[in-house]
Amino acid sequence: MELERNNIHMSKILKNQISTFYVSHEAGLAEADDMIDNIIHHHEIVSVDNTSIRNNQLIVNGTVSFGMMYYTNGSDMAKGTEGEIPFEETIKLNALDENCNADVSLVVLSSSVKLIDSKSYIYKVQIMANITIKKMEDLEAVSEIQRENVMVRHSDLDTLCVVADKSDTFRVSERLSVPSGKPAIQKIIWQDVKIKTINTKMLDGMIHIGGELKVFLIYIPEDDGMPQQWMDTMINFGGTIDTAEAREDLVSYINTVLHNVDIEAEMNQDNETRDIVISALLKLNIKIYEERQMNVLEDVYAPDANLVPEIEEKKYQRLLVKNESRTKNVVKLDIDQSKGHILQICSSDAEVKIDNIIVGDSGLKAVGKIKVCIIYISSDDAKPLCCQCKETDFEHRIDADGIMPEDKYYMNWRVEQVNANMISTNQVEIKSVVALETIVFRTEKRAFISQIEEQPMDMEKINAAPMIKGYVVQKGDTLWKLAKENYTTIDSIMKVNELTSEQIKQGQRLLIIKSCQ
């Protein structure tokens, strides 16, 4: 007797957890002559470098990359500085072992810069960690038995198998030029590069990546006496990464984060510094699944043998839903009149911070904040470059029919479009589109045959059973049940009773003949 088995390779989500922590950093200005008068704007990007689990603790190593724009004393020209803050954070987790893995995404909840004096400052950042603890498991189930004179019953099982769960990187390298109507660059003092749209598509053996970057720069022009200049534009990027596991017919869930952004101004063919080279690293968290219908052995018997199956109750996963949705948001931003009236908008931006996900009837509700900012030129000639921000509540429901509180999920979000319009010199309307992507898994539980043992027949019991008997079908009876209980086969019962199908009805009369003695 030989058993054939099917294997389900799973990545089981054990728990989702949110944790917050603070990172602080003290630094000074690099240029000796600079003295900060006031800070115009600052922004941060937080990234995960690596994670590990030890002794029920999650250790997260990461980096906060920041940029700060400021005015110096007695100058109407803004300046900028950049830096990185490495950190290690330990987060307590309960009832875990070191065989678990963690998916961690980090979001800046809030940040502040406090001046110690005119040349040094303390940067403080509040970070939220969205943590998904998972464990790779293999579920093995008997699918077939090789033996003479054996009766088997199968059932179909819809499962979700993990094909790949990995990280990869894609190098972004693009070039653009300063428009002809603007002067050449002497020095870039502020840069802000973000992904605005991104699409991934699985092909055989590779993943295609395409999207748009929003690039905003403020720079000092080469021509003396000219005011500071800015550029706010979109640039396409794209390419492929080799992924051996990728196929067009598989289900993918790919999360992307832009890191290590670097912008350099270079000379063009006319020896003018008008070319801008953008390089960055796109980190991808790639999950690839295969929806598979498996045939598993549900029951087995033999008229001439005592086959005893070992039954184990096990859990497996199936895909409940994968959903993408978008929602529009409108925020009206009042301008601080102490900075003068707004004359021109240089750039607008928005970011979403989800701090709670609620499982409700037929869907998930994402709750958090949306923060909008504009950088603009004001009527204050002494300090014309200004920034204004506002944070409001954000809430959006994602359809997921049939979802239950115990179901597990992944979710990511991004702002795809931002447009700012002046309502008046004192108010700006900012419209944005937020995209959310969700994949939900249903955990099912059922009994599987893990082993079959052939034991000696109870000949006394077999001999005591009648050779031939008449039987009236009772509620819940099946031909499988009657054949197994009476040491015969389904085919034998059907042949003796001239049945054309295995369907029987309550009250139906059958003649059953034992097949072994």
Side-chain angles (χ1 to χ4, degrees), residues 4-13 48 101-103 105 132 134-141 143-144 156-174 195-213 235-260 278-296 316-326 398 400 408-414 416 435-444:
E4 296 179 9
R5 302 174 185 274
N6 271 330
N7 183 66
I8 307 171
H9 189 53
M10 302 179 296
S11 175
K12 292 177 63 177
I13 298 176
V48 178
N101 294 309
D103 284 330
S105 63
T132 301
K134 60 188 181 180
K135 188 175 183 179
M136 302 302 296
E137 286 189 1
D138 288 297
L139 188 155
E140 199 173 60
S143 59
E144 196 59 82
D156 290 330
L157 193 70
D158 292 324
T159 66
L160 191 69
C161 302
V162 175
V163 177
D165 189 343
K166 58 196 286 189
S167 297
D168 208 335
T169 57
F170 174 77
R171 176 65 63 180
V172 177
S173 182
E174 301 295 337
I195 294 175
K196 281 308 168 189
T197 62
I198 189 164
N199 296 291
T200 58
K201 182 180 180 181
M202 287 209 302
L203 306 172
D204 289 345
M206 67 180 67
I207 297 174
H208 180 267
I209 301 166
E212 288 181 310
L213 294 177
I235 184 170
N236 295 324
F237 72 96
T240 60
I241 58 170
D242 292 334
T243 307
E245 303 90 342
R247 295 202 319 263
E248 291 187 57
D249 60 321
L250 300 180
V251 178
S252 66
Y253 180 81
I254 302 173
N255 191 21
T256 58
V257 184
L258 196 67
H259 293 284
N260 302 339
I278 301 170
S279 63
L281 196 65
L282 189 66
K283 291 186 178 181
L284 298 96
N285 188 303
I286 302 168
K287 302 182 192 300
I288 302 175
Y289 305 95
E290 181 181 14
E291 289 187 280
R292 187 187 302 169
Q293 188 176 74
M294 296 176 57
N295 201 244
V296 296
Y316 66 96
Q317 287 183 334
R318 65 178 176 88
L319 179 64
L320 183 64
V321 67
K322 184 183 177 187
N323 189 7
E324 286 191 50
S325 63
R326 285 166 174 79
I398 303 103
K408 307 299 182 183
Y409 57 86
Y410 289 109
M411 180 187 293
N412 66 55
W413 51 88
R414 63 183 178 274
E416 286 192 336
L436 300 99
E437 182 182 14
T438 308
I439 187 169
V440 184
F441 310 98
R442 167 65 47 83
T443 299
E444 303 281 9

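Just so it is clear, the structure is predicted and the values come from calculations on it, not from any experiment. These values consider heavy atoms only, across backbone and side chains, with no hydrogens, waters or symmetry-generated copies.
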Review point. Any side-chain heavy-atom pair from T200 and I286 closer than 4.5 angstrom?
Key: no
Review point. Would N101 and K135 count as a side-chain contact (heavy atoms from CB on, under 4.5 Å) if you check the C-alpha gap in whole Å, the side-chain angles of each, and the deciding distance to 0.1 Å?
Key: CA-CA 6 Å; N101 294 309; K135 188 175 183 179; over 6 Å; no
Revision key, fill the gap. d(T240 OG1, M206 CE) to nearest 0.5 Å is 5.0 Å
Practice item. Apply the test side-chain contact (heavy atoms from CB on, under 4.5 Å) to residues N6 and L157: give CA-CA distance (whole Å), side-chain angles for both, the deciding distance (0.1 Å), then the verdict. Key: CA-CA 11 Å; N6 271 330; L157 193 70; over 6 Å; no
Review point. Would you say the side chain of D168 lies within less than 4.5 Å of the side chain of I207, judging by non-hydrogen atoms?
Key: no
Exercise for review: Check whether any side-chain heavy atom of M411 sits under 4.5 Å from a side-chain heavy atom of I398, and report yes or no.
Suggested key: yes
Point to revise | Nearest atoms (heavy-atom pairs only) where E248 meets L203 | key: CG-CA, 3.9 Å
Practice item. Just jot down the side-chain hydrogen bond (donor to acceptor under 3.5 Å, both in side chains) partners of K196, sequence neighbours excluded, or say none. Key: D349
Review point. Atom OG of S279 and atom CG of N260: how far apart are they, to the nearest 0.5 Å?
Key: 8.5 Å
Check your understanding: Are side-chain heavy atoms of I13 and Y409 found at a separation under 4.5 Å?
Key -> no
Practice item. Show the numbers, then the answer: is there a side-chain hydrogen bond (donor to acceptor under 3.5 Å, both in side chains) between Y410 and N255? Key: CA-CA 10 Å; Y410 289 109; N255 191 21; over 6 Å; no
Practice item. State, yes or no, whether a side-chain contact exists between L320 and R318 at a heavy-atom distance under 4.5 Å. Key: yes
Practice item. Determine yes or no for a side-chain-to-main-chain donor-acceptor pair under 3.5 angstrom, with S143 supplying the side chain and E4 the backbone. Key: yes
Review point. Does atom NZ of K201 have more than 12 heavy-atom neighbours from other groups under 6.0 Å away?
Key: no
Check your understanding: Could you walk me through whether Y253 and F441 pass the ring-ring contact (aromatic ring centres under 6.0 Å, His included) check?
Key -> CA-CA 12 Å; Y253 180 81; F441 310 98; 8.2 Å; no
Check your understanding: Is there side-chain contact between F170 and V172, with heavy atoms separated by less than 4.5 Å?
Key -> yes
Revision key, fill the gap. So NZ of K134 and NZ of K408: to nearest 0.5 Å the spacing works out to 14.5 Å
Practice item. Answer yes or no: is there a side-chain heavy-atom contact under 4.5 Å between T159 and L139? Key: no
Point to revise | Short side-chain to backbone donor-acceptor contact, K287 and V162, under 3.5 Å | key: no
**Study point:** Distance (rounded to the nearest 0.5 Å) between D158 CG and R292 CZ
**Key:** 12.0 Å
**Study point:** For the student: nearest non-hydrogen atoms of V48 and H259, plus distance
**Key:** N-CE1, 4.5 Å
Practice item. Evaluate the criterion side-chain contact (heavy atoms from CB on, under 4.5 Å) for residue pair N295 and D156; output intermediate values, then yes/no. Key: CA-CA 5 Å; N295 201 244; D156 290 330; 3.1 Å; yes
Exercise for review: Output the distance between atom NE2 (H9) and atom OH (Y289), rounded to the nearest 0.5 Å.
Suggested key: 11.0 Å
Practice item. State which residues pass side-chain hydrogen bond (donor to acceptor under 3.5 Å, both in side chains) with D242; sequence neighbours excluded, sorted by chain then number. Key: none
Review point. Would a 4.5 Å heavy-atom cut-off, applied to side chains only, mark T243 and I288 as touching?
Key: yes
Exercise for review: Check the pair E245, S252 against side-chain contact (heavy atoms from CB on, under 4.5 Å), reporting the backbone distance first and the verdict last.
Suggested key: CA-CA 11 Å; E245 303 90 342; S252 66; over 6 Å; no
Exercise for review: Only counting residues at least two apart or in another chain, list the ones meeting side-chain hydrogen bond (donor to acceptor under 3.5 Å, both in side chains) with E437.
Suggested key: none
Practice item. Take K283 and N285, measure what side-chain hydrogen bond (donor to acceptor under 3.5 Å, both in side chains) needs, and give me the verdict at the end. Key: CA-CA 7 Å; K283 291 186 178 181; N285 188 303; over 6 Å; no
Practice item. For R247 and M202, work out which heavy atoms get closest and say how close. Key: O-CE, 3.2 Å
Study note, to complete from the structure: Taken to the nearest 0.5 Å, the spacing of N412 CG from E324 CD works out to 8.5 Å
